[in-house]
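Report on the following structure.
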There are 2 protein chains.
Amino acid sequence: MTTKRARAKRATVHDVALEAGVSRGTVSRYVNGERYVSAAAREAIEAAIAKVGYVPNTAARNLVMQRTQAVGFIVHEPHSLFVEDPNIGEILLGANARLSEADHQMAVLIVDTERDTERVARYLSGGLVDGVVIVSARADDPITRVVERLQLPAAYVGHPPGAASTASFVVIDNRGAASAITERLAATGRSRIGMIAAALDRDSGADRLSGFRAALGDRFDDTLVEPVPLYSYSAGRDGMRRLLERAPDLDGVFAASDAVAAGAIEALKEAGRRVPEDVGVVGFDDSAWARRTTPPLSTVRQPAAGLGAGAAELVLDRLRGEDTPTERRLDCEIVWRDSA
Amino acid sequence: MTTKRARAKRATVHDVALEAGVSRGTVSRYVNGERYVSAAAREAIEAAIAKVGYVPNTAARNLVMQRTQAVGFIVHEPHSLFVEDPNIGEILLGANARLSEADHQMAVLIVDTERDTERVARYLSGGLVDGVVIVSARADDPITRVVERLQLPAAYVGHPPGAASTASFVVIDNRGAASAITERLAATGRSRIGMIAAALDRDSGADRLSGFRAALGDRFDDTLVEPVPLYSYSAGRDGMRRLLERAPDLDGVFAASDAVAAGAIEALKEAGRRVPEDVGVVGFDDSAWARRTTPPLSTVRQPAAGLGAGAAELVLDRLRGEDTPTERRLDCEIVWRDSA
DNA sequence: TTGTAGGCGTTATCAA
DNA sequence: TTGATAACGCCTACAA
């Protein structure tokens with residue numbers, strides 16, 4: 001009688017069956033709401049359950065059923081996502097809502113450190129979830145490999161390079177949105193519009209440039225595009241400096257992200273330009289940056305809840321036997337503030 | 001051969017044993033890193049595992065071991081938390097970090113709708129987690145009842161009314177923080193300092209008032225305390241109006257939360273008072289409100305990561321056999337901006 | 001050092 | 001409509 005492992009031993013189907021004077025099979029059928037349970041048996045079982053305090057053990061059920069009705073939701077780079085990105089919460093809620101409707105439990109798994117990576121990979125391998133939604137995966141991630149090896153039904157929010165080839169994707173229409181906000185900028189009467197194009201080696205970066213180009217049509221000018229490596233503040237500032245040197249008469253800028261736009265605004269002010277009077281600036285993402293700049297940014301807002309819901313739905317589709325991985329593209333919304 | 005249920009059948013210990021020409025027991029011992037596995041056996045098993053692609057089934061292991069090395073993290077009212085409260089992300093990360101060190105997996109469970117409540121309660125009942133951290137529980141919540149009934153080791157962030165009596169708590173030192181920020185406000189030379197005291201029926205509300213009173217000592221004036229029911233913007237605005245009517249010569253205000261403070265500032269401006277020139281205002285929480293007001297609020301910041309880590313630690317303690325529920329109180333930090 | 005066999009708590013099959 | 005009984009995949013005495 002150690003006091004240490006005193007965790008009350010929980011009642012099982014067996015106990016209920018004994019108490020009710022029926023077989024375990026009958027108890028199981030009752031618990032799962034099947035027919036073929038006589039009124040007498042039902043009553044006896046109900047009383048027995050109440051008496052012994054029976055609670056079904058999901059783990060055991062999962063083992064024999066070979067499915068868990070649970071879906072993992074993996075969050076990488078949690079710091080930048082949770083602290084800086086206002087979207088993650090909505091993505092989470094969107095996914096949960098959709099899974100909940102389908103009576104699936106969502107379990108959010110956070111990958112912060114190296115240790116986390118391994119532990120989460122084990123968790124996924126262990127048969128504790130039927131599928132998984134992945135946000136912000138890194139290229140060539142161990143988790144991606146596990147997902148692929150296990151052929152675990154998966155859907156990514158975004159389309160990271162090196163994502164499991166067996167997975168589905170929900171992405172935003174970067175090209176369309178870039179095009180739309182560029183047109184809106186042009187409509188404010190700007191005639192010399194440039195772009196600070198970031199991360200051209202990624203789908204998102206390339207697509208935003210492509211949308212920019214499409215919106216401008218004939219008026220597109222190669223020399224007004226300044227490529228920078230990252231979606232960062234400093235890249236935006238440096239890029240803007242170079243662009244301004246090359247094209248001092250510029251009166252509009254599409255920055256490939258809000259962080260880039262914030263850097264660009266800094267560089268513009270430093271060069272004595274007023275925003276939006278002299279130069280109109282628009283960004284992308286509607287991240288925290290967008291409200292921190294002065295003036296606040298006109299930018300593109302992602303349909304965050306829709307991304308989560310969409311990813312959840314794609315996983316559920318796979319769970320239902322849909323065998324073909326899909327890519328779904330969602331439209332964005334433009335939020336117009338004061339920077340253009 | 002239905003193509004529908006084509007989920008590749010995964011290799012088991014049994015398969016590995018067969019392939020390696022040893023018994024299941026030996027394979028199991030190898031997998032769990034026990035001694036008493038000969039070099040020959042080890043090699044054969046390693047080869048076999050690689051060949052058949054064996055991955056241990058955690059669910060089965062959990063069943064027989066009667067523990068999961070997993071802890072649930074339950075978040076209620078996810079909308080207000082994820083979208084408005086900047087703290088939740090840090091709480092999550094703090095908890096995850098601590099659990100990760102202890103080699104436990106954290107699974108975040110979101111309770112949004114009625115359905116979620118039941119499903120999460122089932123999840124907890126089902127033996128899928130060894131313990132649970134709970135954020136922002138509601139009074140008399142089904143989840144709380146489940147936790148209590150199962151005697152599931154639990155720790156709350158905050159101390160909601162009706163929390164399971166068997167649980168531990170991590171709270172912030174509301175009284176001390178209120179006292180500290182009031183003193184700081186007084187130190188700016190304010191002599192007629194009032195308080196808009198919200199939610200006096202809750203621990204947090206009562207403690208903040210108590211701290212305010214303590215800081216003022218002899219100078220405390222009953223008539224300068226205006227009680228309001230909720231931590232809300234409108235409550236703050238209305239309360240400030242009433243307070244101002246009663247004490248037009250007031251030159252400092254401690255609002256029980258940032259939202260309340262924002263409302264108070266609104267009312268002050270409406271009455272022609274300048275902040276901070278005529279009246280200094282301080283809030284509590286360092287929520288999104290604090291940066292949205294003009295001027296930005298001087299306020300109290302919660303040690304969010306510490307709250308998460310603390311709660312995780314208390315759960316781990318219980319898991320190790322610590323049988324007494326504890327309450328841990330954490331200090332806050334004052335962030336001084338421009339509103340006072 | 002290894003193999004055998006029983007059990008963790010369910011569900012599922014098949015007679016009865 | 002019910003009751004045995006065999007899985008599910010794993011761990012763990014105990015015996016060898």
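Order of the sequence lines sets the chain letters (A, B, ...), proteins ahead of strands, with each chain counted from 1. Just so it is clear, the values below take in all heavy atoms, side chains as well, and ignore hydrogens, waters and symmetry mates. These numbers were taken from a predicted model, which means no experiment stands behind them.
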Please state how far atom [atom1] in [X] lies from atom [atom2] in [N], giving the value in whole angstrom units.
X: Arg122(A); N: dC10(D); atom1: CZ; atom2: P; answer: 15 Å
X: Leu63(A); N: dC10(D); atom1: CG; atom2: P; answer: 9 Å
X: Arg42(A); N: dT1(D); atom1: CZ; atom2: P; answer: 9 Å
X: Arg61(B); N: dC8(D); atom1: CZ; atom2: P; answer: 19 Å

Could you check Arg61(B) against Thr58(B) for side-chain hydrogen bond (donor to acceptor under 3.5 Å, both in side chains), going step by step and ending with a plain yes or no?
-> CA-CA 5 Å; Arg61(B) 171 186 311 207; Thr58(B) 314; 6.0 Å; no
Does Arg115(B) pair with Glu101(A) as a salt bridge, N-O distance under 4.0 Å?
->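 Salt bridge flag = no for Glu101(A) with Arg115(B).
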I would like to know whether Ser168(A) and Glu327(A) meet side-chain hydrogen bond (donor to acceptor under 3.5 Å, both in side chains); could you show each step before the answer?
-> CA-CA 6 Å; Ser168(A) 294; Glu327(A) 175 158 331; over 6 Å; no
Take atom CZ in Arg149(A); do more than 12 heavy atoms of anything else shown fall under 6.0 Å from it?
-> no
For Glu34(B), look at atom CD and say whether over 12 heavy atoms of other residues, nucleotides or ligands are found less than 6.0 Å away.
-> yes
What nucleic acid atoms does Ala41(B) come within less than 4.0 Å of, heavy atoms only: base, sugar-phosphate, or nothing?
-> sugar-phosphate
Going by number, which of residues 29-40 of chain B have a non-hydrogen atom under 4.0 Å from DNA chain C?
->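 Heavy-atom cutoff 4.0 Å gives Arg29(B), Tyr36(B), Val37(B), Ser38(B).
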Nucleotides bounding contact with chain B, strand DNA chain C, heavy-atom threshold 4.0 Å | dT1(C) to dG9(C)
Specify the residue among Thr26(B) and His14(A) whose closest nucleotide of DNA chain C lies further upstream toward the 5′ end.
->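 The answer here is Thr26(B).
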